[in-house]
Each structure stands twice: as C-alpha cells, then as structure tokens.
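Computation of the quantities below employed the complete heavy-atom set of this structure, encompassing side-chain atoms and omitting hydrogens, waters and symmetry-equivalent molecules. Everything numeric here is computed off the predicted structure, so don't read it as measured data.
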Amino acid sequence: MSTSANDQMYKVPANKKRPSASGLEFIGPLVSSVEEIPDPITTLIKGQIPSWINGSFLRNGPGKFEFGESKFTHWFDGMALMHRFNIKDGQVTYSSRFLQSDSYVQNSEKNRIVVSEFGTLATPDPCKNIFARFFSRFQIPKTTDNAGVNFVKYKGDFYVSTETNFMRKIDPVSLETKEKVDWSKFIAVSAATAHPHYDREGATYNMGNSYGRKGFFYHILRVPPGEKQDDDADLSGAEILCSIPAADPRKPSYYHSFVMSENYIVFIEQPIKLDLLKFMLYRIAGKSFHKVMSWNPELDTIFHVADRHTGQLLNTKYYSSAMFALHQINAYEENGYLIMDMCCGDDGNVIGEFTLENLQSTGEDLDKFFNSLCTNLPRRYVLPLEVKEDEPNDQNLINLPYTTASAVKTQTGVFLYHEDLYNDDLLQYGGLEFPQINYANYNARPYRYFYACGFGHVFGDSLLKMDLEGKKLKVWRHAGLFPSEPVFIPAPDAQDEDDGVVMSVIITPREKKSSFLLVLDAKTFTELGRAEVPVDIPYGTHGLFNEKS
C-alpha cells in the first residue's frame, strides 16, 4: 500500500496553524545588549516565595550583540550571559556574568567580531593588507566556545554548553568561568548537544557526531557517574555507546536533542540537512554557518532506536513523513511500546530565520516574519518494539487504549502516524515550545503534565500547563510580558505529579528595568509570588534549578 493510501486509512492529522497575527508588539529591547551584574543584588518580593525553595535558578542565553562597529547577524550569536536567581527563606538575589569564553575575550580585545558564530561570519582584520585578508578566507575558521544555550551537569560539575565540541566549566555560585573543555580530548566526537539526559544512577547521556574517511556518524554518548571535582573537568570514562551512519554521508541531519526512555535511546534523523561541502567552503564563499542548512520536506524522518544498556540498534526501521523537532517532552515504555512525546513542526526553515534584523523589525515586517514561522505543536509517536517478520503489512500495530497514534508495517520498515497532543484551544496561544516536566520523578516514566511557553509572538508570550488527560490547558498570560522556559521544582512533601512550583523569568519591552522571577503554583497555575529585579534581562534560552543540599 502506498503512503498516500495509508494516509487515507489512518487519517494523519492535518497540519494546523495558529491564527495570523496583526499589529504585533515591538520586541527589539528583548534582543539588546545589557550590562552584567556580577555582585548579587536584592529583589523586591511581591506575594510570597515558598520558604521550602532553597537553591539557585540558573539561566543562559545571548546578552551582547555587538563589539565596536561590528554587529552579530543572528540571535544565537550573541555572547553568552549567565543568570543566577538565588532563593532562600522566601528571599531572592540576582546576579549575572558574561561567559569569559575565548570568543568573548578576543572580540573584546579587538573591539570587533573576530570569531565566527552560527549566523555571523567574522571579517578579516582591516589592518592586514589586501593579500593577507584574501588568504585569511582559506584558513579553517576557529570553532566558537560561546556556550550560550544551556547549563548542563557531568559528574556533579556544572558546565555551560552549546552545539560545538567546546563546553565551559562554571562555578554555579559565583558564575565564574573555569576550564575550557574539548569533547574531542576525551572521546572521538566533534560536537555534543546542549540537551543531555540523566539517569537515576547519575550517568549522563548525550549525542555527538564525527566525520572521516568512513563517512558521517551520529554517536550516542555516555559519561559515567562521578564525584564533583574542585579543579579539572572530568569526563573520564566517557564512551560511545552506539554509532549510527548518516543516511546521506554528504548531507547529515541537524539535531538539537534526542529521546531517552528507561531502556532505549532514540535519535531522530530529520530532514534538516547540513551540506558538508558547503560547510567546508562556507568561509571562502563568505557565508555563515546557518546558510549551509536546508529543509528537505520530500524526505522521511527516520527514528533510530538503540538499547540504552548495550548500545545495540534495533533492526526495525521506523520512519514518518517529514517533520522536525527541537525539543522532546518525555518518553516511556508500556506493554511493548515506546511512547515518545515531542514538540514538532512541519517547516524546518525556522532555525535560520531568527536573525536580529527580523527580531528587531516593526509593524507589517514583524507581522510578516511571525506569520511565516511554522507552528510547533505537541505530538505523540508510538513505536512497537517487537515487530515480527510474519506480521501483515498495512495493519495498525498499536494496541493501546489511550492513543490514536498508529504504526503500520511496510516493505521497508514501520511507518509512524502521530497523535496530536492538544485541542484546538492551544492554537490561540500560538502552539508551544520549551517543554518541561517533573523531570526528577517522571522522566522516562508514564506522566500526565507538562509545562511550556505559548508562542503567540515571535518569542514566548504565555506559560502553559498541559494535562494530557483530556488535553486540557491552564494558562498564564499578560499583555506585554514575555516568559522564559518554565522549570518545575517538586515540593519536598509532594504526593502528586504536579505538587510543586513552576518558575520563569519574565521580561518586557515596554519598560526598562522591569524584569522579575515568577513563581506559580504548579497545580493551580496561579501566581504565588514574584521577585522584581531592577535590571534589564534579554530573552534567553535554557536553564535549570540547582537545589542546595
């Protein structure tokens, strides 16, 4: 049976979009450079911050967008600014520091951009003669260590991370920049994601890649548990659990994260492709990194499933129609099935479009940019883990009462049809991204709730709580306020999955120095309190809560 016939039989959900926007609010101030606040300052508490919260909310993201007369092109390129909200006895202090990366230091010394980033090509030194400037185009560009995506943990130590082979060890109290860590010194990979997973024994898992004479490979990595180190970074014992050859070694897929359940890791090879030839020539061509990425909707999405304990790949090929996913929500196993929930879109061009020119546009230009972006929505894919050779083709292999997702055996593998994890009321909030769960207690286990940002604007403009029983929403939304990725913190005496609080940093383009840390009751999704910070905070990416023992 053809895919189109299968589509008719299993009724793949139609791609839905949020309503078109008109008259969107100018958000330029949210992507403007700010000053760091290295010494903690007090905040003004309104309402009440629960006294049981004891720790630091750490956030990362771009915070400086120019050096001298040279300006970054893409939002991702801004220099990493680390934020710390320290919470104790109902009081909150705030501090921030720029990551003292080689990129930041060298750019500062020259007072211009000298290290290329994702969307910005460093220009040759104007003091060099014309021949030196020409030949500098043929030099291999330095890989940036501007780790502005996330805070991550390995063996109890904190690092900030991006998507290159470099991380930076960080003091989580002072935000002091410590050792520069090169993944390739510990293990044969050239990059790792900023979204590792953690098991309950203390090991950390990640995805990396390598390219050589044998082709392009995606690697599943494991860093064993270990004790926190005061000095040198320790990734000793890191190993490659599994190596997956790219479907097209000349055009591997871009990936931002991966899926992990109790016993399996899933790498999603999606149709956002990197042209390696263009990548190697991009500096000569005068193009930035994001110019070598392309969306190929004619290609399938492939799900590679590996045993988390042995690294053995399952023989079954799982695939679906073209989609892209930046962030996973959760995954778990039940009755011989692997259930994967993700935020998915149907247009992978979105990544390259977040240029500062687009983000700082106004009026009809801003509306047009926003309306051109795809709507990211939560989906569920269900993979049958044991597919028998004598299983008939063209029949649904899923037998779970609570999902409409289906999986159909074909001549080449198992084709997956997703279930939409939302009702149409989500569309009025623009779909969602930056999903988070009660990770400590429910990651890789059956769960009911997740939290996210709603995207009724280019940046998130609401906080959402999704109850998967009935796909019901709770919403926190106020005009002119833009929340960060919500982070769930379980209460010490929690009985239910949603006993705890949700934290988010709220910023606004309307008024200077009007940022605040918001604390919501996770169960009711109503405000408990806020800590007002008399500084400007730019729109950021990811973070975590570091609980004090």
Side-chain angles (χ1 to χ4, degrees), residues 34 36-43 49 53-64 78-88 91-101 104 145-162 167-179 181 193-198 204 206 228-229 233 257 327 434-440 451 453 460 483-490 500-507 515-520 530-531 533 535-549:
V34 300
E36 64 180 4
I37 311 292
D39 297 319
I41 59 174
T42 58
T43 64
I49 309 296
I53 303 175
N54 184 24
S56 297
F57 186 27
L58 302 173
R59 298 257 320 140
N60 202 354
K64 184 174 177 61
M79 294 289 96
L81 180 63
M82 303 172 290
H83 311 264
R84 178 177 183 253
F85 292 86
N86 190 50
I87 308 164
K88 184 179 181 181
Q91 299 300 308
V92 181
T93 61
Y94 170 80
S95 58
S96 65
R97 274 191 170 186
F98 281 108
L99 178 68
Q100 297 299 300
S101 62
Y104 180 88
D145 63 338
N146 177 36
V149 178
N150 205 359
F151 275 86
V152 298
K153 292 179 71 174
Y154 293 94
K155 297 190 177 185
D157 286 324
F158 284 83
Y159 301 81
V160 287
S161 179
T162 181
M167 298 188 298
R168 280 282 187 166
K169 191 174 177 182
I170 297 298
D171 184 319
V173 176
S174 68
L175 299 181
E176 177 188 355
T177 302
K178 293 191 168 186
E179 185 179 351
V181 180
T193 82
H195 287 290
H197 275 294
Y198 310 96
T204 305
N206 210 329
K228 177 178 172 58
Q229 301 293 314
S257 59
H327 301 113
F434 293 149
Q436 289 284 328
I437 62 169
N438 182 342
Y439 190 95
Y451 313 89
C453 286
S484 72
E485 169 190 62
V487 171
F488 177 87
I489 305 166
V501 300
V502 167
M503 285 187 180
S504 176
V505 179
I506 312 297
I507 58 178
S515 310
F516 60 92
L517 175 66
L518 174 70
V519 181
L520 299 176
R530 61 177 66 179
V533 190
V535 299
D536 291 319
I537 297 176
Y539 197 79
T541 47
H542 300 286
L544 52 76
F545 183 73
N546 178 28
E547 184 176 3
K548 290 182 181 174
S549 57

- [ ] Identify, with sequence neighbours excluded, every residue that meets side-chain contact (heavy atoms from CB on, under 4.5 Å) alongside K153.
- [x] F158, Y198
- [ ] Quick one: closest heavy-atom pair of V149 and A194, and the distance?
- [x] CG1-CB, 3.6 Å
TODO: Please answer whether the main-chain N or O of V152 pairs with a side-chain N or O of N150 as donor and acceptor at a distance below 3.5 Å.
DONE: no
Open item on the list: Checking F98 now: which residues fulfil ring-ring contact (aromatic ring centres under 6.0 Å, His included) with it, not counting sequence neighbours?
Closed with: Y104
Open item on the list: Going by the rule salt bridge (charged side-chain N to carboxylate O under 4.0 Å, His left out), which residues pair with R97 if we only count those two or more places apart in sequence or in a different chain?
Closed with: none
Task: Residues in ring-ring contact (aromatic ring centres under 6.0 Å, His included) contact with Y159, at least two apart in sequence or another chain - done: Y154
Task: Flag, side chain of N60 to backbone of A147, donor-acceptor distance under 3.5 Å - done: yes
Open item on the list: Would you say that Q100 contacts E176 through its side chain, given a criterion of any heavy-atom pair below 4.5 Å between the two side chains?
Closed with: no
Open item on the list: Using a 3.5 Å distance criterion without hydrogens, assess whether the side chain of R84 forms a donor-acceptor pair with backbone atoms of S174.
Closed with: no
Open item on the list: Let's go through V519 and V502 carefully: what are the C-alpha distance in whole Å and the side-chain angles of both, what is the deciding distance for side chain to side chain contact (heavy atoms under 4.5 Å, CB included) to 0.1 Å, and is it a yes or a no?
Closed with: CA-CA 6 Å; V519 181; V502 167; over 6 Å; no
Task: Steps toward side chain to side chain contact (heavy atoms under 4.5 Å, CB included) verdict (I53, V501) - done: CA-CA 9 Å; I53 303 175; V501 300; 3.8 Å; yes
Task: Side-chain donor/acceptor of E179 to backbone N/O of A233, under 3.5 Å - done: yes
Open item on the list: Within this structure, what is the CG-CZ distance for the pair N546 and F85, rounded to the nearest 0.5 Å?
Closed with: 15.0 Å
- [ ] Nearest 0.5 Å please: distance from the CE atom of M503 over to the CZ atom of R530.
- [x] 14.5 Å
Open item on the list: So which atom in P38 and which in S95 form the shortest heavy-atom distance, rounded to 0.1 Å?
Closed with: O-CB, 4.0 Å
- [ ] Kindly indicate, with the supporting measurements, whether the criterion ring-ring contact (aromatic ring centres under 6.0 Å, His included) is fulfilled by H327 and F434.
- [x] CA-CA 7 Å; H327 301 113; F434 293 149; 5.7 Å; yes
TODO: Would you please say whether a donor-acceptor pair under 3.5 Å links the side chains of T193 and N206?
DONE: yes
Task: Taking every non-hydrogen atom, the tightest pair across V487 and G543 - done: CG2-O, 4.3 Å
Open item on the list: Nearest 0.5 angstrom please: F545 CZ to R59 CZ, how far?
Closed with: 14.5 Å
Task: Contacts of type salt bridge (charged side-chain N to carboxylate O under 4.0 Å, His left out), residue K169, not counting sequence neighbours - done: D157
TODO: Hey, could you give me the CG/CD1 distance between D39 and I41, rounded to the nearest 0.5 Å?
DONE: 10.0 Å
Open item on the list: As an exercise, state the distance from CD of E36 to CE of M79, rounded to the nearest 0.5 Å.
Closed with: 13.5 Å
Open item on the list: Using modelled atom types and a 3.5 Å cut-off, is there a donor and acceptor pairing between side-chain atoms of T93 and backbone atoms of I87?
Closed with: no
- [ ] List for me each residue that meets side-chain contact (heavy atoms from CB on, under 4.5 Å) alongside T43, sequence neighbours excluded, and say none if there are none.
- [x] I45, V92, Y94, A531, V533
Open item on the list: If only side-chain N and O atoms count, and only distance matters, is there a donor-acceptor pair under 3.5 Å linking S56 with N86?
Closed with: yes
- [ ] Taking all heavy atoms of S515 and all of I507, pick out the closest pair and write down the distance.
- [x] OG-CG2, 3.8 Å
Task: S504: partners by side-chain contact (heavy atoms from CB on, under 4.5 Å), with sequence neighbours left out - done: L463, P483, S484, I506
Task: Residue pair M82 / L99, side-chain heavy-atom distance below 4.5 Å - done: yes
- [ ] Measure from the side-chain N and O atoms of S161 to the backbone N and O of M167, and report whether any donor-acceptor pair falls under 3.5 Å.
- [x] no
TODO: Decide side chain to side chain contact (heavy atoms under 4.5 Å, CB included) for L58 and H83; before the verdict, give the C-alpha distance in whole Å, the side-chain angles of both, and the deciding distance to 0.1 Å.
DONE: CA-CA 6 Å; L58 302 173; H83 311 264; over 6 Å; no
- [ ] Report yes if some heavy atom in the side chain of T162 is under 4.5 Å from a heavy atom in the side chain of N146; otherwise report no.
- [x] no
Open item on the list: Taking ring-ring contact (aromatic ring centres under 6.0 Å, His included) as the definition, give me every residue that meets it alongside F57, ordered by chain and number, with sequence neighbours left out.
Closed with: none
Open item on the list: Working to the nearest 0.5 angstrom, can you tell me the gap between I489 CD1 and N438 CG?
Closed with: 11.0 Å
Task: Contacts of type side-chain hydrogen bond (donor to acceptor under 3.5 Å, both in side chains), residue T177, not counting sequence neighbours - done: none
Open item on the list: Restricting to side-chain contact (heavy atoms from CB on, under 4.5 Å), what partner residues turn up for V34, sequence neighbours left out?
Closed with: L81, D536, P538
Open item on the list: R168: which residues meet the salt bridge (charged side-chain N to carboxylate O under 4.0 Å, His left out) condition with it, sequence neighbours left out?
Closed with: D102, D145
Task: Counterpart residues, ring-ring contact (aromatic ring centres under 6.0 Å, His included), relative to F488 (two or more places apart) - done: Y451
